[in-house]
Number of protein chains: 2
Amino acid sequence: MSDLLERLRGRGWRMTAQRRVVAEVLDGDHVHLTADEVHARAVTRLPEISRATVYNTLGEMVTLGEVMEVATDGRAKRYDPNAHRPHQHLVCGRCGAIRDVHPAGDPLADLPASERFGFTISDVEVTYRGICPGCASTA
Amino acid sequence: MSDLLERLRGRGWRMTAQRRVVAEVLDGDHVHLTADEVHARAVTRLPEISRATVYNTLGEMVTLGEVMEVATDGRAKRYDPNAHRPHQHLVCGRCGAIRDVHPAGDPLADLPASERFGFTISDVEVTYRGICPGCASTA
DNA sequence: ATCCTACGATAGACAATGTCTAAGTCAAGT
DNA sequence: ACTTGACTTAGACATTGTCTATCGTAGGAT
């Protein structure tokens with residue numbers, strides 16, 4: 001059952017059919033759907049759900065820190081329900097497949113003070129780019 | 001004078017007034033303009049230049065590897081002429097300011113084989129997020 | 001159980017960014 | 001100076017995301 005839904009429930013969220021469906025559709029590992037993909041899947045369970053509601057709901061989940069927003073390609077943002085465990089992303093440049101990965105080490109430690117320009121740094125995002133095995137074999 | 005323009009010249013590029021203006025507008029350090037910002041600046045020098053040409057020209061420069069495309073915010077892509085020297089980006093979450101930074105170490109080495117899922121990795125992008133000194137003082 | 005009310009959902013207009021097409025223009029080799 | 005294919009243009013179109021006015025409903029109060 002959806003961890004995501006459980007966590008949202010415990011936050012005073014008014015539970016509606018729409019929010020439940022969005023949370024259910026988004027649940028899982030290595031899930032990185034665009035807002036429109038979420039909407040398409042939600043519609044199969046709740047035909048009258050609107051695009052605006054999907055956008056609103058995803059935005060609220062991001063604000064609550066329960067979902068990560070990922071912009072790997074400059075196109076549509078993707079939504080990653082795996083926000084409770086820090087991770088980075090590995091992206092196939094040909095087919096767009098995305099995997100969650102867990103690098104060793106702390107990239108923040110690699111940025112010397114002289115390269116911080118006085119910024120207070122709160123987060124580091126790492127995106128690995130390459131070609132996935134499937135795409136490599138059909139080169 | 002523009003290194004960028006020099007490098008483009010040596011690649012069999014047909015040199016037009018439009019391309020020259022785009023390359024000149026984009027030149028410099030810590031430059032990260034959106035396509036529309038490039039267009040706005042180009043228009044002041046060459047009033048009849050079209051949006052399509054700016055998009056085309058930027059796209060070609062990216063393909064040639066002379067300009068980096070940066071998607072730091074899920075909004076408009078930004079274009080960084082500093083492609084000849086590898087670097088990463090530091091972004092202010094409040095005002096959107098972007099600085100080029102040079103972390104020590106190799107982030108690729110931090111990704112164990114077991115976390116590569118058979119991908120052939122060709123590139124790593126790191127984005128540091130935080131608050132710049134100016135925004136911090138007007139908190 | 002029913003009623004209220006504020007919060008959520010809806011449709012569709014609008015906005016921002018990017019892509020494509022058809023026709024005109026021009027850089028550069030001959 | 002020609003010629004030609006690459007370049008440019010205006011504007012339509014596509015995609016992604018946001019906003020507004022109105023309607024519906026979850027959940028507490030009675």
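Letters go in sequence order (proteins before strands), and every chain restarts at 1. The analysis underlying the following values was restricted to heavy atoms, covering all of them including side chains, and did not include hydrogens, waters or symmetry mates.
Classification of the A:H87-A:H102 ring pair by plane angle, with boundaries at 30° and 60°, yields tilted.
In this structure, A:W13 atom CH2 and D:dG27 atom P are separated by 12 Å, rounded to whole Å. At whole-Å resolution of the value, CD in A:E37 and C1' in D:dT15 are 13 Å apart. Residue A:D73 contributes atom CG, which lies 11 Å from atom P of C:dT19 at whole-angstrom precision. Rounded to whole Å, the distance from CD on A:E60 to C1' on C:dC7 is 10 Å. Across the protein-nucleic acid pair, B:R78 atom CZ and C:dG18 atom C1' stand 15 Å apart, rounded to whole Å. Between the CG atom of B:L33 and the P atom of C:dG18 there is a distance of 13 Å, given to the nearest Å. B:M15 has its CE atom 17 Å from the P atom of D:dA6, to the nearest Å. Distance A:I49 CD1 to C:dA11 P: 10 Å, rounded to the nearest Å.
Between A:T16 and the phosphate of C:dA9, there is a side-chain N or O to OP1/OP2 separation shorter than 4.0 Å. In this model, the phosphate group of C:dA6 is not approached by any side-chain N or O of A:R14 to a distance below 4.0 Å at OP1 or OP2. Distances shorter than 4.0 Å separate some side-chain N or O of A:Q18 from OP1 or OP2 on C:dT10.
Each of A:H89, A:H32, A:R78 was evaluated against A:M68; a single residue qualifies, A:H89, per the side chain to side chain contact (heavy atoms under 4.5 Å, CB included) test.
Listed in residue order, the members of residues 51-59 of chain A having a heavy atom less than 4.0 Å from DNA chain D are A:R51, A:A52, A:Y55.
Under a hydrophobic clustering in which Ile, Leu, Val, Met, Phe, Trp and Tyr are joined whenever their side-chain heavy atoms come within less than 4.5 Å, directly or via other members, A:L64 and A:V70 fall into different clusters. Each of A:I98 and A:V38 belongs to its own hydrophobic cluster when Ile, Leu, Val, Met, Phe, Trp and Tyr are linked at side-chain heavy-atom distances under 4.5 angstrom.
Each of B:R75 and B:S50 was assigned the nucleotide of DNA chain D with the nearest heavy atom; the assignment lying further toward the 5' end belongs to B:S50. Heavy-atom nearest nucleotides on DNA chain C were determined for B:D36 and for B:A17, and the one closer to the 5' end corresponds to B:D36.
Evaluation of the side chain to side chain contact (heavy atoms under 4.5 Å, CB included) rule for A:D36 yields A:T34, A:R51, A:Y55 as partners, not counting sequence neighbours.
The two residues B:L8 and B:W13 have their closest heavy-atom pair at O-CB, 3.4 Å.
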| Is there a side chain to side chain contact (heavy atoms under 4.5 Å, CB included) between B:L111 and B:V124 once you walk through the steps? | CA-CA 10 Å; B:L111 194 66; B:V124 185; over 6 Å; no
